[in-house]
Amino acid sequence: MKSAVETLSPTRVRLTVEVPFEELRTSLDTAYREIAKQVTIPGFRKGRIPPQIIDQRVGREFVLEQAVNEALPQLYVSALQENDVEPLGQPEVDVTNFADGADLTFTAEVDVRPDVTLPEYKGIEVGVADAEVTDEEVEQQLTSLRERFGSLSTVERAAEDGDFLTIDLAASKDGQPIEDAQATGLSYKIGSGSMLEGLDDAVRGKSAGESETFVSQLASGEYAGQDVDVTVVVDSVKVQELPELDDEFAQMASEFDTLDELRADVRERLVRQKRLQQAQEARDNVLEKLLDQVDVPVPEGAVTDEIQARREAIGHQLQHMGATEAQYLQSEGQTEEEFVADLDRRSREALMTQFVLDKVADTEELNVSEPELTQALLQRAQQAGVSPDEYIQQVVQNNYVPTLVREVRRGKALGFLVEQAVVTDASGNRVELSRLQADGTYAPEGSEEAEGTESAPAEESTEAAETEQGEGEKSES
């Protein structure tokens, strides 16, 4: 077999392949055996029909066509390997010359990864928010903790902000009740905004036994995104009584003996949380700044596949919620053109991110170790809510291991970029991320943990930074 590659564009190539007829003998024999199993010819048992009889009854041309179809996939793969071409998506194959006894010639056009030229990516300068925790934030956390241990008491008065209500809801459209929008005995806190828009105004000032009808929009179902009439009945009004904020409360609500110890622990938890938020912000900003400095052509075929994959994923989610795409667009205030344009932008960003991080990983010779792959499998199993064994079985059956390895490798590349970046907070202080651990604490300087620790959020899957790029892997061959 002879093959050559021609560059059609920075993201597309054409392979030209010539195969001597003798190299098709194995595929030709396979075609005869398969046809012999499928046809019925009087005087011959299935599977025992001689080739010359098949030529007479079925036709030599049909056999040759079957042989070529059987041989093309492996011939294509061999040509890719011979020319060191890494494809994206499925090829467009055209058989340009073939006849009985003659050489087979075919071409295959396919999208490929662009050759990315990286700017200087070490020492990228980005800013992040301060990690300072205010006294007000600490007190808000303590208030939330007190609310968890609070008790509700019924009051005989009109409802006010912060009160807890027991309510019944009934929605209708043009006077007809909506079956899946009726509920009784719901608990609702006025001011939380956790249910329907307009509910707070409808119940505020109402006493037990009173009702109000207002116009709102449902989040799901047949009438999602449409104006409907909602009637709310207030069954009861309750106020929450909070425990005193003292040492006794600290002992009841935590493992600490004093309120000061509890308050210090709350502050430390908030600090750790803000450190992780800083790392996430640095991760996003570093990637955004790098992408702004590099010109990455994106294969249009891969973009099309990515858009389709994302649209199907959204469709599955909406179907699970009992809504349609039209209802979703109406609720979001988007036209279909705007929706598709947004998908196109996100898809291009995701593919650009893949190409850039792959190039960084190649340049820095980053590899994925077995423990790193195992850790990624465990994390994804937990996210999927299945056992590790079940998830691993699914990964193997769907041949997802190479995709997962690429995801982990990109995560390491992004972690490397963040570690090499110059990160400062809003106050101008240098933010140290190389020792940051997954729980928001810092590994001691000089420790083994510090030497091998990358910013925890930066080592995670790059889905968020790539704008839900996980679906993009479906476009890779």
Side-chain angles (χ1 to χ4, degrees), residues 7 9-13 84-89 110-128 279-307 309-310 342-368 372-373 376 402-423 433-434 454-477:
T7 300
S9 75
T11 61
R12 194 165 180 84
V13 299
D84 195 24
V85 173
E86 184 177 356
L88 284 176
V110 67
D111 287 334
V112 294
R113 294 174 175 276
D115 185 16
V116 179
T117 301
L118 293 174
E120 178 54 52
Y121 54 82
K122 294 180 181 179
I124 295 176
E125 298 182 3
V126 296
V128 296
Q280 179 68 50
E281 187 179 0
R283 170 183 178 276
D284 294 341
N285 292 346
V286 165
L287 184 56
E288 180 180 1
K289 195 164 187 178
L290 179 59
L291 291 177
D292 287 342
Q293 299 177 44
V294 63
D295 182 22
V296 183
V298 180
E300 290 304 317
V303 172
T304 300
D305 292 343
E306 177 78 355
I307 292 174
R310 288 169 181 268
D342 186 56
L343 284 178
D344 182 88
R345 177 185 61 80
R346 291 174 178 270
S347 297
R348 292 179 187 278
E349 288 179 356
L351 291 167
M352 286 176 60
T353 300
Q354 291 178 19
F355 300 147
V356 169
L357 292 180
D358 286 342
K359 183 65 173 183
V360 172
D362 291 341
T363 304
E364 298 298 328
E365 299 181 348
L366 301 179
N367 296 308
V368 178
E372 289 169 335
L373 181 59
T403 298
L404 184 57
V405 170
R406 284 193 292 267
E407 287 183 7
V408 176
R409 190 167 181 257
R410 288 169 187 151
K412 292 187 67 174
L414 185 52
F416 175 83
L417 291 172
V418 173
E419 283 198 345
Q420 297 293 318
V422 177
V423 183
L433 295 177
S434 62
E454 294 181 354
S455 173
E459 258 197 43
E460 294 174 356
S461 169
T462 55
E463 289 179 3
E466 296 174 9
T467 325
E468 303 139 347
Q469 71 88 19
E471 296 293 336
E473 292 294 351
K474 296 179 182 178
S475 67
E476 297 190 17
S477 173

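The first residue of the sequence shown is numbered 1, and numbering continues consecutively from there.
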- prompt: Does Q293 reach the main-chain N or O of K289 with its side chain, forming a donor-acceptor pair under 3.5 Å?
  reply: yes
message: Go through it in stages, so that I can follow the logic: the residues are L343 and E306, the test is side-chain contact (heavy atoms from CB on, under 4.5 Å), and I'd like the CA-CA distance, side-chain angles, deciding distance and then a yes or no.
response: CA-CA 9 Å; L343 284 178; E306 177 78 355; over 6 Å; no
- prompt: Hey, does the side chain of R409 reach the backbone of L366 with a donor-acceptor pair shorter than 3.5 angstrom?
  reply: yes
query: Looking only at heavy atoms, what is the nearest atom pair of V112 and R12, with distance?
result: CG2-N, 3.9 Å
- request: Find the distance between CZ (R113) and CG (L351) and round it off to the nearest 0.5 Å.
  value: 9.0 Å
Least distance between heavy atoms, G89 atom then D305 atom: CA-OD2, 4.5 Å
query: Do V298 and T11 have side-chain heavy atoms sitting under 4.5 Å apart?
result: no
- prompt: In this structure, are over 12 heavy atoms from other groups packed under 6.0 Å from D292 atom CG?
  reply: yes
message: Once rounded to the nearest 0.5 Å, what's the spacing between atom CD of E300 and atom CZ of R348?
response: 4.0 Å
task: Report the distance from atom OG1 of T353 to atom CG of L287, rounding to the nearest 0.5 Å.
output: 4.5 Å
Smallest separation among heavy atoms of R283 and V418, with atom names: CA-CG2, 3.7 Å
query: If every non-hydrogen atom of L88 is compared with every non-hydrogen atom of V110, which pair is closest and at what distance?
result: O-CG2, 4.0 Å
- prompt: About how many Å separate CD1 of I124 and CG of N285, when rounded to the nearest 0.5 Å?
  reply: 10.5 Å
4.5 Å side-chain heavy-atom contact, P119 and V294: yes
query: Do the side chain of D111 and the main chain of P299 share a donor and acceptor less than 3.5 angstrom apart?
result: no
message: Can you confirm whether D342 is buried at CG, in the sense that more than 12 heavy atoms of other residues, nucleotides or ligands lie under 6.0 Å from that atom?
response: yes
CD on E407 to CG on L357, rounded to 0.5 Å: 11.5 Å
message: Please give me the minimum heavy-atom distance between G127 and E281, naming the atom from each residue.
response: O-OE2, 4.0 Å
message: For the OH atom of Y121 and the CD atom of E364, what is their distance to the nearest 0.5 Å?
response: 3.5 Å
query: Hey, does R410 have a side-chain heavy atom less than 4.5 Å from the side chain of D358?
result: yes
- request: Check V368 against V405 and note the closest heavy-atom contact, atom names and distance.
  value: CG2-O, 3.6 Å
